[in-house]
Amino acid sequence: MKRFEEKTVVITGASRGIGAVIAKRFAREGANVIVSANEESVEVVARNISDLGGKAVSFVGDVTDKRSVVELFDTAEKAFGTVDVSVQNAGVITIARIEDMTESEWDRVMAVNTKGVFLCAQEAIARMRKHKRGGRIINTASGQARQGFIYTPHYAASKMGVVGITQSLAKEVATENITVNAFCPGIIETDMWAYNDEVWGKLLGNYAPGELMKEWVQGIPMKRAGSGEDVAGLVTFLASEDAAYITGQTINVDGGLIMS
Ligand SMILES: NC(=O)c1ccc[n+]([C@@H]2O[C@H](COP(=O)([O-])OP(=O)(O)OC[C@H]3O[C@@H](n4cnc5c(N)ncnc54)[C@H](O)[C@@H]3O)[C@@H](O)[C@H]2O)c1
């Protein structure tokens, strides 16, 4: 029997990058997956999973909108009956000098990265309580939840907020067989990192494309960027029975970049 047979997993931010790899990994391990994102291409991820014999349903919605989040979890229950694992992974970043950062950038990053995690976790916990099967809430933070990086005060604040949400909720549901944990990816090769490489690269001194990434990767003890699979290994562990006694934790998955 596969690890997640008869388990239903909701994953936000699953149209690409880290979320899409996590979704495929859960599906390979037998889970029913709901792949969700605010772009239509998330449908392709569901189709890829189905083509390989997995069970997936896609949902297009916005994690900052309570009604949309309720609809996401309604879709999960309608398709598969329960919600056992919810991975709050949707996230956005912008990079700008303090004098250029707009109020709307601040609001958007906080809304997606922090309020979005809260709304999805809130809805997931409500469904898990109703089904009385316990559950796993897993939130995507960032190395910036450990240490703020230059030109991204809003992103650092949003991800440190994720750690606070994780700890608070973990305490609230601890006796209900529901665990709540977060993880901090370091440098993972995705579209988001391609944006980071370009914009940080320009602001930090006109790096050619790929050069900043190369330099920062040299600062990682393992001397390589991470992959979606590196992250999916941790997330599926946190979702598994082996992690039953782990809650309220925030775990780095970054090749040793940050050791705290
Ligand atoms: N790539 C990295 O190096 C890195 C490092 C640390 C943390 N992270 C975090 O990991 C998560 C995934 O990052 P990624 O690199 O795969 O990013 P990505 O840009 O490749 O994908 C982001 C996903 O979030 C979705 N999304 C964005 N806004 C949304 C909204 N309002 N509602 C619903 N979905 C929305 C997008 O559609 C997409 O599916 C994010 O939370 C990010 O902050 C990434």
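First listed ligand is number 1; within each ligand, the first listed atom is number 1. On a predicted model such as this, the values are computed, not experimentally measured, just so you know. Atoms considered below: every heavy atom in the structure, side chains included; atoms not considered: hydrogens, waters and symmetry mates.
Ile93 places a side-chain heavy atom less than 4.5 Å from the side chain of Thr152. Side-chain contact check for Ile11 versus Phe26: some heavy-atom pair is nearer than 4.5 Å. Within the 4.5 Å cutoff, side-chain heavy atoms of Arg146 are placed close to those of Asn252. Trp216 is listed as a side-chain neighbour of Trp200, based on a closest heavy-atom distance under 4.5 Å. Residues Ser142 and Cys184 have side chains not in contact (no heavy-atom distance under 4.5 Å, counting atoms from C-beta outward).
In this structure, Arg108 has a heavy atom closer than 4.0 Å to ligand 1. Residue-ligand proximity: Asn89 is placed with a non-hydrogen atom under 4.0 Å from ligand 1. Not a single heavy atom of Gly143 sits under 4.0 Å from any atom of ligand 1. The shortest heavy-atom distance from Lys159 to ligand 1 is under 4.0 Å. Using a 4.0 Å heavy-atom cutoff, Ala141 is listed among the residues neighbouring ligand 1.
Heavy-atom contacts of Glu39 reach the following atoms of ligand 1: 37 (O) (cutoff under 4.0 Å). Below 4.0 Å from some heavy atom of Ile188 lie the following atoms of ligand 1, by number and element: 1 (N), 2 (C), 3 (O). Shown in contact with Asp62 at under 4.0 Å from a heavy atom are these atoms of ligand 1, numbered in order with element: 30 (C), 31 (N), 32 (N). Close approach of ligand 1 to Ala14 (heavy-atom distance below 4.0 Å) involves ligand atoms 39 (O). Those atoms of ligand 1 with a heavy atom of Tyr155 less than 4.0 angstrom away are 6 (C), 7 (C), 8 (N), 9 (C), 42 (C), 43 (O). Interface of Gly61 with ligand 1, defined as ligand atoms under 4.0 Å from a residue heavy atom, comprises 32 (N), 33 (C). Atoms of ligand 1 found under 4.0 Å from any heavy atom of Gly17 (numbered from 1 in listed order, with element): 16 (O), 20 (O). Numbered from 1 in the order shown, with element, the atoms of ligand 1 that lie under 4.0 Å from a heavy atom of Gly91 read 22 (C), 24 (O), 27 (C), 40 (C), 41 (O).
The shortest contact between atom 14 (P) of ligand 1 and any protein heavy atom is with Thr190 OG1, 3.7 Å. Annotation: atom 17 (O) of ligand 1 to nearest protein heavy atom, Met192 CB, 3.5 Å. Atom 6 (C) of ligand 1 has its closest protein heavy atom at Pro185 O, 3.3 Å. Among all protein heavy atoms, the one lying closest to atom 23 (C) of ligand 1 is Gly13 CA, 3.5 Å. Protein heavy atom nearest atom 39 (O) of ligand 1, with residue, atom name and distance: Ser15 OG, 2.6 Å. Atom 32 (N) of ligand 1 has as its closest protein heavy atom Val63 N, 3.0 Å.
Considering backbone and side-chain N/O atoms, Gly19 never comes within less than 3.5 Å of an N/O atom of ligand 1. For a threshold of 3.5 Å applied to N or O pairs, the pair formed by Ser142 and ligand 1 contains no separation below that value. When only interatomic distances are considered, the shortest N/O to N/O separation between Gly186 and ligand 1 falls below 3.5 Å. Below 3.5 Å of separation, one finds an N or O of Arg16 facing an N or O of ligand 1. By the 3.5 Å distance cut-off applied to N or O atoms, Ala37 is not counted among the residues near ligand 1.
Side-chain atoms of Tyr195 come within 3.5 Å of backbone N or O of Ile95 as a donor-acceptor pair. Without hydrogens or angle criteria, Asp230 side chain to Ser227 main chain gives a donor-acceptor distance under 3.5 Å. Checking side-chain atoms of Gln88 against main-chain N and O of Ser86 turns up a donor-acceptor pair under 3.5 Å. The main-chain N or O of Thr166 is never found under 3.5 Å from a side-chain atom of Asn181 such that the two would form a donor-acceptor pair. The backbone N or O of Thr12 lies less than 3.5 Å from a partner atom in the side chain of Asn89, making a donor-acceptor pair.
Taking only non-hydrogen atoms, the option from Leu72, Val42, Ile18, Val92 nearest to atom 27 (C) of ligand 1 is Val92. Counting only non-hydrogen atoms, the option in Val87, Val117, Thr140 that gets closest to atom 10 (O) of ligand 1 is Thr140. Of the candidates Val45, Ile187, Asn38, Val253, Asn38 brings a heavy atom nearest to atom 34 (N) of ligand 1.
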* Ile187 and Trp193: side-chain contact (heavy atoms from CB on, under 4.5 Å), yes or no, with the steps? -> CA-CA 7 Å; Ile187 297 176; Trp193 182 260; 4.0 Å; yes
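There is no side-chain donor-acceptor pair under 3.5 Å between Tyr207 and Glu198.
Using cut-offs of 30° and 60° on the angle between ring planes, the pair His154 and Trp106 is parallel.
Ala244 and Thr179 get closest at one heavy-atom pair: O-CG2, 3.7 Å. Of all the heavy atoms in Val173 and Val180, the pair that sits closest is CG2-CG2, 3.7 Å.
Tested against Glu29, the residues Lys24, Arg3, Lys7, Lys2 include a single side chain to side chain donor-acceptor pair (under 3.5 Å) partner, Arg3.
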